[in-house]
Amino acid sequence: WEIPEILSSTLTLEDLPEWTPECVSPTSRERVKLFPEKIPTIAQLARMPLPEQVHPHPGHGFPRAYAFQRDRALSERVAKAVRTKAAPKLDYIQSLTTYEDKQNAVDELFETVEFELKEQEEILGRHPKFGGWVETALEAYLVEVEQESREILYNQVAEILNEKVKPIVERIATLESFEDKHQATEALFALVTEKETATAIVKS
């Protein structure tokens with residue numbers, strides 16, 4: 001705009017269009033957050049959490065560091081959103097009995113989570129790496145859940161087998177004849193082998 005043109009304008013404040021999200025760039029829409037109660041008070045400002053540390057600015061000679069930090073922050077944001085979307089759906093998947101049904105449900109989960117997050121993250125969802133971030137985050141989350149489930153199952157199996165082993169050990173201590181002790185010891189070895197087998201199955 002030319003200065004004379006601005007000075008000679010007859011436009012008033014009432015003539016200017018109302019602010020809308022279309023007035024700013026996608027980056028600004030992603031970064032700028034509007035306070036729901038319009039102008040916050042000093043007390044509200046004092047209680048607001050401080051923003052995260054600013055990434056290295058590319059204009060200061062750190063373009064690679066900026067790109068790395070920016071991508072990492074966005075991927076972490078996507079990972080958090082993926083967990084929120086996927087968690088309520090895992091109970092149904094774990095309740096399925098056949099491997100084929102579980103695999104189909106997991107495949108559908110990948111498609112559903114990405115679609116829902118793209119609708120939720122209107123700007124970030126257009127990022128070329130968005131689909132990869134969602135896939136990586138969901139894979140990592142499913143592996144974590146699977147490991148936790150196996151650990152719980154392993155502890156349950158170990159507890160049950162330990163309950164079976166303890167009475168046999170106590171009984172061996174009360175036996176007098178070699179033959180009785182030998183038979184009880186064989187039973188104990190069989191139970192220990194069963195425990196090791198069950199542990200290997202659970203951890204495989």
Side-chain angles (χ1 to χ4, degrees), residues 20-22 24-38 40 44 47-55 65-164 194-204:
T20 62
E22 287 71 25
V24 296
S25 67
T27 302
S28 297
R29 273 185 277 168
E30 180 184 329
R31 294 181 180 177
V32 176
K33 304 298 180 183
L34 298 180
F35 192 69
E37 300 177 16
K38 304 303 180 182
Q44 290 171 326
R47 291 192 296 269
M48 283 185 181
L50 293 175
E52 297 180 1
Q53 184 177 0
V54 180
H55 303 308
Y66 170 81
F68 174 77
Q69 293 289 347
R70 182 71 177 157
D71 281 359
R72 186 171 68 175
L74 292 177
S75 64
E76 289 175 354
R77 173 177 161 185
V78 170
K80 185 176 180 180
V82 164
R83 287 172 174 265
T84 304
K85 289 290 184 182
K89 301 177 175 64
L90 292 186
D91 288 339
Y92 167 73
I93 295 176
Q94 291 175 332
S95 67
L96 299 175
T97 55
T98 66
Y99 173 80
E100 184 178 357
D101 289 342
K102 287 185 176 181
Q103 188 60 50
N104 290 336
V106 169
D107 292 341
E108 184 178 348
L109 179 66
F110 273 87
E111 297 177 2
T112 303
V113 168
E114 182 174 354
F115 177 77
E116 291 179 355
L117 285 181
K118 276 190 175 181
E119 286 192 332
Q120 176 180 313
E121 299 285 350
E122 181 182 355
I123 305 302
L124 183 58
R126 300 175 186 175
H127 197 289
K129 295 182 181 179
F130 184 80
W133 286 334
V134 172
E135 183 177 348
T136 301
L138 187 52
E139 284 179 356
Y141 180 53
L142 292 178
V143 169
E144 180 182 327
V145 171
E146 179 68 15
Q147 289 176 343
E148 290 177 354
S149 300
R150 287 179 180 272
E151 187 67 25
I152 293 173
L153 181 58
Y154 165 71
N155 292 334
Q156 291 174 344
V157 170
E159 185 177 350
I160 293 172
L161 292 176
N162 285 336
E163 290 177 357
K164 293 182 179 180
E194 180 183 350
K195 179 180 178 181
E196 292 176 349
T197 303
T199 300
I201 292 174
V202 170
K203 289 189 172 182
S204 63

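Heavy-atom basis, side chains included; hydrogens, waters and symmetry copies ignored.
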K.L.:
Could you measure the distance from the NZ atom of Lys89 to the CD1 atom of Ile93? Nearest 0.5 Å is fine.
P.N.:
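Lys89 atom NZ to Ile93 atom CD1 measures 9.0 Å (nearest 0.5 Å).
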K.L.:
With a 4.0 Å cut-off on N to O distance, would you call Glu121 and Arg77 a salt bridge?
P.N.:
yes
K.L.:
Ignoring hydrogens, what is the shortest heavy-atom contact between Ala87 and Tyr141? Give both atom names and the distance.
P.N.:
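It is CB-OH, 3.4 Å.
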K.L.:
Apply side chain to side chain contact (heavy atoms under 4.5 Å, CB included) to Glu135 and list each qualifying residue two or more places apart in sequence or on a separate chain.
P.N.:
Phe110, Glu139
K.L.:
Under 4.5 Å between any side-chain heavy atoms of Trp133 and Asp71, yes or no?
P.N.:
yes
K.L.:
Can you name the closest pair of heavy atoms from Ala79 and Ala137 and give their distance?
P.N.:
CA-CB, 3.6 Å
K.L.:
Once salt bridge (Lys or Arg N to Asp or Glu O under 4.0 Å) is applied, do any residues pair with Arg72, and if so which ones, sequence neighbours excluded?
P.N.:
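Applying salt bridge (Lys or Arg N to Asp or Glu O under 4.0 Å) to Arg72 gives none.
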K.L.:
Could you report the tightest heavy-atom contact between Leu74 and His127, atom names first, then the distance?
P.N.:
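Answer, listing the atom of Leu74 first, then His127: CD1-CD2, 4.2 Å.
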K.L.:
Below 4.5 Å, heavy atoms only, C-beta onward: do Leu109 and Leu90 meet side chain to side chain?
P.N.:
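When only atoms from C-beta onward are counted, Leu90 and Leu109 do touch, with a gap below 4.5 Å.
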K.L.:
Give, for atom CD of Gln120 and atom CD of Glu116, the distance between the pair rounded to the nearest 0.5 Å.
P.N.:
8.5 Å
K.L.:
Using salt bridge (Lys or Arg N to Asp or Glu O under 4.0 Å) as the criterion, list what pairs up with Arg47, not counting sequence neighbours.
P.N.:
none
K.L.:
Please step through side chain to side chain contact (heavy atoms under 4.5 Å, CB included) for the pair Leu117 and Leu124, ending with a clear verdict.
P.N.:
CA-CA 9 Å; Leu117 285 181; Leu124 183 58; over 6 Å; no
K.L.:
Any side chain to side chain donor-acceptor pair (under 3.5 Å) involving residues 105-115? Give me the pairs, sequence neighbours left out, ordered by first then second residue.
P.N.:
Gln103-Asp107
K.L.:
How would you list, by chain and number, every residue that makes a salt bridge (Lys or Arg N to Asp or Glu O under 4.0 Å) with Asp101, sequence neighbours excluded?
P.N.:
none
K.L.:
Is the number of heavy atoms from other residues, nucleotides or ligands within 6.0 Å of NZ (Lys102) greater than 12?
P.N.:
yes
K.L.:
Taking only residues two or more places apart in sequence, or in another chain, which ones meet Glu76 in a salt bridge (Lys or Arg N to Asp or Glu O under 4.0 Å)?
P.N.:
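Per chain and number, Glu76 pairs via salt bridge (Lys or Arg N to Asp or Glu O under 4.0 Å) with no residue.
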K.L.:
Less than 4.0 angstrom from a charged side-chain N to a carboxylate O is my criterion; do Lys118 and Glu122 meet it?
P.N.:
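Salt bridge absent between Lys118 and Glu122.
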